[in-house]
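Naming: A, B, ... by sequence-line order, numbering from 1 per chain. Source: prediction; values computed, not measured.
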2 protein chains.
Amino acid sequence: MRPMSEPTYFILASLLDGPLHGYAIIKRAGELSGGRVRLAVGTLYGALDRLAGNGLIAVDREEIVDGRPRRYFTITDDGADAVTQEAKRMAQAARIVVRRQPGMVTS
Amino acid sequence: MRPMSEPTYFILASLLDGPLHGYAIIKRAGELSGGRVRLAVGTLYGALDRLAGNGLIAVDREEIVDGRPRRYFTITDDGADAVTQEAKRMAQAARIVVRRQPGMVTS
DNA sequence: CAGCATATATCGAGTGCCGAAGTATGCGCC
DNA sequence: GGCGCATACTTCGGCACTCGATATATGCTG
């Protein structure tokens, strides 16, 4: 498995709490990252197609609200495994550098 | 600052111990990651040019060993700051997912 | 009614990674 | 001596992904 990009990672992480539709994912990713991550729409919808193709997410249901379509996505078991793997990978990579900063406050 | 790719991150991390030449960076990155990261040569030399252009690394010295040139690179203060920043970013991102995995052993 | 938030789709440009091929040298082995 | 291998760097083309812009459509608010 090759590393996952930040947008991809946050899309999957956003779905861990339950199904969301595209725009809601953008907001959730913003919240989870403390406002740091702002998914571009072009990134999001491209990534959603790709992730669905890979089986990491799946369409949960489609609704029409106020005449506007809403597609809800769920994370699959494979997707949940992938984010967890990725989280471990990042944590370990971070340790390599952080470890040699003695006196760092771990907040 | 936008997130850093894994190859870029490991190149900078490799140089935290002192100057290294290209091929040695590949080996060091492999060691640091426990054999997981294998920098492709095309990735490496492209990234070295880019990072030098960004001022995150600099050419330390050039040697000729057995008629073969060797270019040693050092990490700059900006580079060290950037990896450290990136390590924090990854650690925080990892926490978002790992936190909801109760029962995880933090080694 | 103008402007903004919601919601999705699509496209083109740019960035960066990767594998492959090329150049060059020294060393060990048969 | 010549073959293959490890070292060391360069360059190139393809591919994946991100991003911003543009488009479309609706409802709410001033």
Non-hydrogen side-chain atoms of B:Glu86 and B:Leu12 separated by less than 4.5 Å: no
A:Arg50 and A:Thr8, any side-chain heavy atoms less than 4.5 Å apart: yes
Which whole-number value in Å describes the distance from [X] [atom1] to [N] [atom2]?
{"X": "A:Arg71", "N": "D:dA25", "atom1": "CZ", "atom2": "P", "value": "18 Å"}
{"X": "B:Ile26", "N": "D:dC9", "atom1": "CD1", "atom2": "P", "value": "9 Å"}
{"X": "B:Tyr45", "N": "D:dC9", "atom1": "OH", "atom2": "P", "value": "4 Å"}
{"X": "A:Leu44", "N": "D:dA21", "atom1": "CG", "atom2": "C1'", "value": "16 Å"}
{"X": "B:Glu6", "N": "D:dA16", "atom1": "CD", "atom2": "C1'", "value": "16 Å"}
{"X": "B:Glu63", "N": "D:dA8", "atom1": "CD", "atom2": "P", "value": "11 Å"}
{"X": "A:Asp66", "N": "D:dT24", "atom1": "CG", "atom2": "C1'", "value": "16 Å"}
{"X": "B:Asp49", "N": "D:dC12", "atom1": "CG", "atom2": "P", "value": "12 Å"}

Residue mapping more 5' on DNA chain D - nearest nucleotide basis, B:Thr43 or A:Leu39: B:Thr43
Residue whose nearest DNA chain D nucleotide is more 5′ - B:Gly22 or A:Thr8: B:Gly22
Contact summary for A:Met90 and B:Ala93, nearest pair of heavy atoms: CE-CB, 3.9 Å
Result of checking B:Leu15, B:Leu20, B:Asp60 against B:Phe73 for side-chain contact (heavy atoms from CB on, under 4.5 Å): B:Leu15
Test applied, side-chain contact (heavy atoms from CB on, under 4.5 Å); reference residue, B:Ile57; option that passes from B:Ile25, B:Asp78, B:Asp49, B:Leu51: B:Leu51
CZ/A:Arg38: more than 12 non-hydrogen atoms of other groups inside 6.0 Å: no
Along DNA chain C (nearest heavy atom to each residue), the more 5'-positioned of A:Tyr23 and A:Pro3: A:Tyr23
Sugar-phosphate only, base, or nothing, as touched by B:Arg2 at under 4.0 Å among non-hydrogen atoms: nothing
Sugar-phosphate, base or nothing in reach of A:Val65, heavy atoms under 4.0 Å: nothing
Salt bridge (Lys or Arg N to Asp or Glu O under 4.0 Å) involving A:Arg36 - partner list, sequence neighbours excluded: A:Glu6
Residue-phosphate contact under 4.0 Å: A:Ser5 side-chain N/O, D:dT18 OP1/OP2: yes
Range on DNA chain C touched by chain A - first to last nucleotide, heavy-atom distance under 4.0 Å: C:dT6 to C:dT10
